[in-house]
Amino acid sequence: MAKLQTAFYQQKDVTAIARQLLGKILVTAIDGVRTAGIIVETEAYAGINDKASHAWNNRRTKRTATMYMPGGVAYVYLCYGIHYLFNVVTSVENTPHAVLIRALEPVDGIGMMKMRYNNKAGAQLTAGPGNLSKALGINSGMNGESLTGNKIWIEQAAQINDNLVSVSTRVGVQYAGEDAYLPYRFCIKNNNWVSKGKGL
DNA sequence: CGCAGGATGGGCT
DNA sequence: GCCCATCCTGCGG
């Protein structure tokens, strides 16, 4: 299966990338073990003009520096002190756009995912951004990692038809004011792995 | 069922 | 100090 290359990640329209990522395969290879899942839910964060983005108003910190890198690297950060959230950095250098991967449908290495998860999970294994990071072994060490290398990457797959995609508002961004209402969340309809609420 | 609460750490006012 | 782009558990009805 072909890896997505830099040109894909550097497209200017971050919502178009978020939309196109649905149905593609997110893969990690750690200690020779492949774990992979179909991307079923994404959210776009549109850089300095998006109040929900860490990089809103051109904010630069040690943490957000990764978002300013050229498209095609991983942006991983710790949320609520517990969960690592995995984002794909998009667009060109100094344009801090990103796509948050919110849910996967497991495909390869499910046994390994369950081991990493280390509880009675089955249904929740990769539904929700904190869960999927844990299942795929994604942590802060992956921050800034290239998505065209051999640790973590995304594989090409058939485009999901528009009538199977549902568009809605993003989760957990009430603080962003009117930007909280932007239609920047993309899910595959009727997929059991979409986080909370299932299906649509 | 549903919902409140806790875990836990970095970055900002 | 306090706010979070979260998730699981345990409690009450």
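Since we're looking at a predicted model, the values are computed, not measured. Just the heavy atoms: all of them, side chains too, but no hydrogens, waters or symmetry mates, feed the values below.
In this structure, A:F86 places its CZ atom 17 Å from P of C:dT6, rounding to the nearest Å. Note: CD (A:Q124) to C1' (C:dC8) measures 9 Å, nearest angstrom.
B:dG10 sits 22 Å from C:dC8 when the C1' atoms are compared, rounded to a whole Å.
Using modelled atom types, one side-chain atom of A:T64 and one backbone atom of A:R59 make a donor-acceptor pair closer than 3.5 Å. Side chain of A:D108 to backbone of A:T35: no donor-acceptor contact under 3.5 angstrom is found. Side-chain N or O atoms of A:S133 include one that pairs as donor or acceptor with a backbone N or O of A:P129 at under 3.5 Å. A:D13 places a side-chain N or O within 3.5 Å of a backbone atom of A:T15 that can act as its donor or acceptor partner. No donor-acceptor distance shorter than 3.5 angstrom exists from the side chain of A:T126 to the backbone of A:L132, with no hydrogens or angles considered.
Salt bridge A:R170/A:E41: absent, no basic N to carboxylate O contact under 4.0 Å.
Within the nucleic acid shown, A:N131 comes within 4.0 Å of sugar-phosphate atoms alone, with no base atom in reach, counting heavy atoms only.
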Under 3.5 Å, which protein N or O atoms sit close to an N or O of nucleotides 8-11 of chain B? Give each pair with its distance.
unit_1, atom_1, unit_2, atom_2, d
B:dT8, O2, A:Y80, O, 2.6

Restricting both atoms to N or O, compile the protein contacts to nucleotides 2-6 of chain B shorter than 3.5 Å, with distance only.
none

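No side-chain donor from either of A:Y184 and A:D50 sits under 3.5 Å from a side-chain acceptor of the other. A donor-acceptor contact closer than 3.5 angstrom links the side chains of A:N143 and A:T66.
Pairing of B:dT8, defined by two Watson-Crick or G-U wobble distances under 3.5 Å, is not identified with any nucleotide.
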